[in-house]
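The figures here come from the full heavy-atom set of this structure, side chains too, leaving out hydrogens, waters and symmetry mates. Below, chains carry the letters A, B, ... as their sequence lines are ordered, and counting in each starts from 1.
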2 protein chains.
Amino acid sequence: MHALPYSQNLQRFLDRLSLRSILTKEERQAILSLPGHAKQVEANVDFVALGETVAHSCLVVAGLIGRFDQNTNGIRQITAIHIPGDVADLHSVVQPQATSALQALSVATVLQIPHAALRLATAQHPALAEILWRDCMVDAAILSQWVVNVGRREAKVRIAHLLCEMASRLGAPTAANAFSFPFMVTQVQLADATGLTGVHVNRVLKTLREDGLADVRRREVTVHDWEALVAAGEFDPNYLQADIRPDERLRIVQPA
Amino acid sequence: MHALPYSQNLQRFLDRLSLRSILTKEERQAILSLPGHAKQVEANVDFVALGETVAHSCLVVAGLIGRFDQNTNGIRQITAIHIPGDVADLHSVVQPQATSALQALSVATVLQIPHAALRLATAQHPALAEILWRDCMVDAAILSQWVVNVGRREAKVRIAHLLCEMASRLGAPTAANAFSFPFMVTQVQLADATGLTGVHVNRVLKTLREDGLADVRRREVTVHDWEALVAAGEFDPNYLQADIRPDERLRIVQPA
DNA sequence: CGCGTAGTTGAACATTATCAACGTTCGTGG
DNA sequence: CCACGAACGTTGATAATGTTCAACTACGCG
């Protein structure tokens, strides 16, 4: 993994927070000063296990991190995909007993930030509690959409929706209607995220390709017609809360 | 609706918070002193609409409140069911623009608590921010299980799981293996919560009845064999985080 | 007693799963 | 740099699960 300068990893997290919250200079500095221990995590290995009590949260530095649950037959369901800049289990600060496992979708790097440091930061800067809380709620809004995706959309729509969501979150779509972006997941992982089987995902991807919407292969998504893909995926990016204007960004505790 | 003494509504919310957090006397008092405006909400009418910016959160006093999303065909998906004592949209304190609609499942009463009051309380008692944040994360853990339910379980298991979850959250299961509890939802709402059709829910409920597991009729669930229902629903109550021992309850900001 | 909502049932159909085989790509060590 | 094995992707045939449509029944409320 290309090692970014240490502070740059935290900068991405700060950027994410700043999308929805206003931070003072001191609060920004507190985020950027968080300590952390970089760790490489292998694909298909839990680095946080179900039921485990953790003492740090994992900032995604590179790669993708999935949140995994399963039914009693061991059939898996991915309930969240975290991208660089996300803290995959920020919720563990207030709820350290894991209710899902965490796994890299392909080899990834995370920065383990001790809860103690996050707690200290929120104690010194009370507004940070609300800012981190808000960050968790963005993930909850995404999760809510996943319920709809898996519960009330057909296979093709589900996959198109997931592709749209990931493209948007990764900041891939530009003015152009066609573009491509790396997406390091297998078809089976795509199936686990959409509640389908690997075989069926394969067939759906084929039709997306044949319809000229998008080509998903070799861990890369090539969108040929973004508008059409958005329509096929019934995608309305509003729930991502990613385009909140600066004057709409929230601040509950007023700066001193 | 039988009008509880006003403070008793907030007491149930405080009870819920106290299940997972330790509150000081002052913090308890701050919760109990929250102002609110009681409001009766009709079934099948959004009292919070998608995209609306709200200025208060709704504590459920009586009845059940559903969080509704839908696909572009208008087919609905219920992503959460809130019971008395829950604040259905506590997240709106930090994210006031609604990403789902709220509706009563049958006529219900809510207490609208102004965000301003909640903000003031958290400003005066910083630990409340973490306590409310934690409360939201309990709902997120439930939401995560709903993704699994809808994505990776068969119809009968889904419905059994939902019944188990609601029974547990309502505090219905006792030492006895058979009991009953009111559950004011229609079969179609059950379908919207599980990602099925009303017709299929009807058939599944019939088999649950024939198998001697549970009888769901006339807005009342009669569990005949709790253990068997738990097995049929692949239900592991751990994710509810409802049985955290007092010494495991969290407190980040230490009392002064 | 009549009307609207909710629940029930059957038959035909659609979507997705399952099973099984085969093809392709990628990474590793010789 | 090539060969090999393992993981990943592709395809067809068949089966299971749940949907749709349509009709009919039961219940609650005025």
For a side-chain hydrogen bond (donor to acceptor under 3.5 Å, both in side chains) check, start with the C-alpha distance between B:N149 and B:Q145, then their side-chain angles and the critical distance, and finish with the verdict.
CA-CA 6 Å; B:N149 207 34; B:Q145 273 298 313; over 6 Å; no

Do the non-hydrogen side-chain atoms of B:L229 and B:F235 ever get within less than 4.5 Å of each other?
no

For residues B:R219 and B:T186, determine if any side-chain heavy atom of one lies less than 4.5 Å from a side-chain heavy atom of the other.
yes

Once salt bridge (charged side-chain N to carboxylate O under 4.0 Å, His left out) is applied, do any residues pair with B:R169, and if so which ones, sequence neighbours excluded?
B:D86, B:E165

Sequence-aligned protein contact record of nucleotides 10-24 of chain D, with B where the base is within under 4.0 Å of a protein heavy atom and S where only the sugar-phosphate is:
BBBB---SBBBB---

Only pairs at least two apart or in different chains count here, so list each side-chain hydrogen bond (donor to acceptor under 3.5 Å, both in side chains) that has a residue in residues 192-201 of chain A.
A:D192-B:R152

Going 5' to 3' on DNA chain C, which nucleotide is the first and which the last to come under 4.0 Å of a heavy atom in chain B?
C:dA6 to C:dA11

Would you mind reading off the bend of the helix from C:dC1-D:dG30 to C:dG30-D:dC1 from its two end axes, five pairs each, to 10 degrees?
40°

Basic-acidic side-chain contact under 4.0 Å: B:R16, B:D139:
yes

Distance in angstrom units between A:Q189 CD and D:dC8 P, rounded:
7 Å

Side chains of residues 55-68 of chain A: which donor-acceptor partners sit under 3.5 Å, not counting sequence neighbours?
from: A:H56; atom 1: NE2; to: A:Q112; atom 2: NE2; distance (Å): 3.1
from: A:S57; atom 1: OG; to: A:D89; atom 2: O; distance (Å): 3.0
from: A:S57; atom 1: OG; to: A:S92; atom 2: OG; distance (Å): 3.0
from: A:S57; atom 1: OG; to: A:H115; atom 2: NE2; distance (Å): 3.3
from: A:R67; atom 1: NE; to: A:S100; atom 2: OG; distance (Å): 2.9
from: A:R67; atom 1: NH2; to: A:S100; atom 2: OG; distance (Å): 3.3

Within the 3.5 Å criterion, strictly below it, is a donor on B:N71 or A:E234 matched to an acceptor on the partner's side chain?
no

Pair B:L208, B:V216 - check side-chain contact (heavy atoms from CB on, under 4.5 Å), show working.
CA-CA 9 Å; B:L208 287 179; B:V216 181; 5.5 Å; no

Find out whether A:V157 and B:T72 are in side-chain contact, i.e. whether some heavy atom of one side chain is under 4.5 Å from a heavy atom of the other.
no

